[in-house]
Amino acid sequence: MIANLLQDDPSPWLQALGRSHPVVLHLPLGLLPGMVLLEFGAAILRRDNPRGAVATLAWLCGICAALATVSGLLLAGENSSEGELVGNHKIAGIVLSVVCVLAAVASCFQKRTAFRVLLLVAFAVMVPTGHLGGSITHGEDFLFEPFDQQKPPQPADTPDSDNTPPTAAQSEFQRVIEPILERTCTKCHNPDKTKGELLLTTKAGILAGGEYGPVIVPGNPDESPLLQRCLLPIDDDEHMPPEGKPQPTESEIEALRQWIAGGAKFE
Ligand code: HEC
């Protein structure tokens with residue numbers, strides 16, 4: 001498959017083609033609404049339908065959508081650990097490009113019905129495809145985050161720069177460690193999305209570990225996968241959090257190390 005091509009042969013040309021995905025995908029994104037406007041706007045306003053122009057755009061759109069899919073699959077192939085979001089975006093993108101190519105073919109038919117139906121289907125598939133893609137690059141709640149007033153303010157970058165005075169009732173775990181995990185880990189290791197079968201939102205989850213067993217060896221940070229994974233080179237497939245996601249700062253890593261060295265206590 002295209003997706004595995006990069007792992008077998010990491011040719012810089014293929015890699016660059018994959019990375020052109022964020023540019024190429026914008027063409028169908030603009031062309032589709034434009035075509036919908038031209039095709040249906042003309043019908044509604046009872047103007048002459050600019051058939052030739054629409055057919056040209058339909059072919060341009062079909063070709064660009066196919067290119068966007070190929071580059072997208074190559075880009076996804078660069079990263080072996082693939083989440084649910086990427087999987088869904090892939091499927092939606094493949095469906096979208098197939099519909100766009102079919103629409104391009106149908107734009108040459110004398111009767112407009114098939115083309116119009118395919119155009120509307122493509123437009124309907126484009127919206128969730130684009131949203132899924134945006135969620136991959138910007139994070140899942142990026143779009144609606146501004147409405148989310150209920151959320152407590154994001155923890156500060158470093159635990160020491162927290163300007164709310166720590167209450168005595170809070171343990172070191174609650175005060176220092178939990179905010180780090182919340183900011184950098186729990187988007188993927190939570191009850192809804194337990195990546196690697198690892199839950200990092202509860203004490204029981206942290207103690208239970210993941211697919212490969214315990215992630216913490218109390219007193220021994222260097223043997224604890226939870227810390228080890230953060231220390232791997234950023235481009236290592238096993239590095240946590242995965243490349244492109246918010247990373248813990250050096251002082252946060254140090255805080256995790258000290259917490260584990262001190263016995264990884266929760267109270
Ligand atoms: C963007 C999603 C994402 C984020 C953020 C993330 N992880 Fe992961 N994590 C994964 C995925 C996917 C796996 C399973 C694949 C693998 O084992 O590499 C995983 C697996 C793990 C494992 C291995 C568990 C096992 O036993 O299989 C550990 C340990 C881990 N993550 C720790 C962390 C820590 C610590 C953070 C925060 C500093 C973090 N992760 C942030 C996606 C994420």
Side-chain angles (χ1 to χ4, degrees), residues 3-4 6-7 22 72 75-90 131-143 145 151 154-160 162 172-266:
N4 299 332
L6 273 187
Q7 271 148 33
L75 185 63
E78 263 195 61
N79 237 326
S80 64
S81 61
E82 157 183 328
E84 202 182 323
L85 262 180
V86 177
N88 290 342
H89 178 60
K90 255 190 196 175
H131 182 66
L132 284 168
S135 302
I136 296 171
T137 38
H138 299 293
E140 267 181 277
D141 19 276
F142 182 68
L143 184 58
E145 207 170 45
K151 263 195 182 166
Q154 287 293 306
D157 234 20
T158 52
D160 351 273
D162 212 339
E172 182 199 358
F173 175 76
Q174 286 171 318
R175 198 162 39 79
V176 183
I177 304 303
E178 214 169 17
I180 303 175
L181 299 182
E182 261 170 32
R183 191 177 69 81
T184 57
C185 314
T186 59
K187 274 227 166 86
C188 303
H189 298 286
N190 60 52
D192 291 331
K193 221 169 45 165
T194 327
K195 290 290 161 73
E197 289 163 38
L198 175 62
L199 179 65
L200 291 178
T201 52
T202 66
K203 176 184 169 184
I206 297 172
L207 290 177
E211 208 181 324
Y212 302 113
V215 294
I216 285 178
V217 183
N220 198 343
D222 293 321
E223 293 296 313
S224 302
L226 185 134
L227 185 70
Q228 281 174 337
R229 291 243 186 176
C230 300
L231 296 174
L232 289 171
I234 183 89
D235 55 356
D236 191 303
D237 279 346
E238 296 200 337
H239 176 86
M240 285 293 140
E243 195 176 1
K245 304 293 169 197
Q247 301 291 319
T249 64
E250 258 174 54
S251 63
E252 285 175 335
I253 299 259
E254 197 44 43
L256 286 172
R257 172 186 291 284
Q258 278 172 16
W259 175 67
I260 297 174
K265 295 196 182 72
F266 291 83

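Note that ligands are numbered from 1 as they come in the structure, with each ligand's atoms numbered from 1 the same way.
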Just going by heavy-atom distances, which of Arg183, Met240, Lys195 is nearest to atom 33 (C) of ligand 1?
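Ranked by closest heavy atom to atom 33 (C) of ligand 1, first place is Met240.
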
Using a strict cut-off of 4.0 Å, indicate which atoms of ligand 1 neighbour a heavy atom of [X].
X	value
Pro242	1 (C), 2 (C), 3 (C), 4 (C), 6 (C), 7 (N), 42 (C), 43 (C)
Cys188	1 (C), 2 (C), 3 (C), 4 (C), 5 (C), 42 (C), 43 (C)
Val215	29 (C)
Gly196	13 (C), 14 (C), 24 (C), 25 (C), 27 (O)
Leu226	35 (C)
Lys245	1 (C)
Cys230	38 (C)
Thr184	5 (C), 37 (C), 38 (C), 41 (C)

So do the side chains of [X] and [Y] get within less than 4.5 Å of each other, counting heavy atoms only?
X	Y	result
Val86	His89	no
Val176	Gln258	no
Ile216	Leu207	no
Thr184	Lys245	no
Pro246	Arg183	yes

Under 4.0 Å from ligand 1, counting heavy atoms only, is it the side chain of [X], its backbone, both or neither?
X	result
Pro246	neither
Glu197	neither
Arg229	side chain
Leu198	side chain

Has Gly209 got any heavy atom lying under 4.0 angstrom from an atom of ligand 1?
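No; Gly209 lies far enough from ligand 1 that no heavy-atom distance drops under 4.0 Å.
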
To the nearest 0.5 Å, what is the distance between SG on Cys185 and CD1 on Ile206?
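If I round to the nearest 0.5 Å, the distance is 9.0 Å.
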
To the nearest 0.5 Å, how far apart are OG1 in Thr186 and CD1 in Ile180?
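Going from the OG1 atom of Thr186 to the CD1 atom of Ile180 covers 12.0 Å.
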
What heavy-atom pair brings Met240 and Gln247 nearest, and what distance separates the two atoms?
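So the two residues come closest at O-OE1, 4.0 Å.
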
Give a yes/no answer: is there an N/O/S atom of His189 under 2.8 Å from atom 8 (Fe) of ligand 1?
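So His189 counts as coordinating atom 8 (Fe) of ligand 1, yes.
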
For residues 217-228, which side-chain donor-acceptor pairs fall under 3.5 Å, sequence neighbours excluded?
| unit_1 | atom_1 | unit_2 | atom_2 | d |
| --- | --- | --- | --- | --- |
| Asp222 | OD1 | Arg257 | NH1 | 3.2 |
| Ser224 | OG | Val217 | N | 2.9 |
| Ser224 | OG | Val217 | O | 3.4 |
| Ser224 | OG | Asn220 | O | 2.9 |
| Gln228 | NE2 | Asp222 | O | 2.7 |

Over 60° means perpendicular and under 30° means parallel, so classify the ring planes of Phe173 and Trp259, tilted if in between.
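Trp259 vs Phe173 ring planes: tilted.
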
Using salt bridge (charged side-chain N to carboxylate O under 4.0 Å, His left out) as the criterion, list what pairs up with Lys203, not counting sequence neighbours.
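Partners of Lys203 by the salt bridge (charged side-chain N to carboxylate O under 4.0 Å, His left out) criterion, ordered by chain and then number, come out as Glu267.
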
When you compare ligand 1 with Glu211, is there at least one nitrogen or oxygen pair between them that comes in under 3.5 angstrom?
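Looking only at distances, the answer is yes, because the N/O contact criterion of under 3.5 Å is met.
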
So is there a nitrogen or oxygen of Asp237 less than 3.5 Å from a nitrogen or oxygen in ligand 1?
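By distance alone, the answer is no.
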
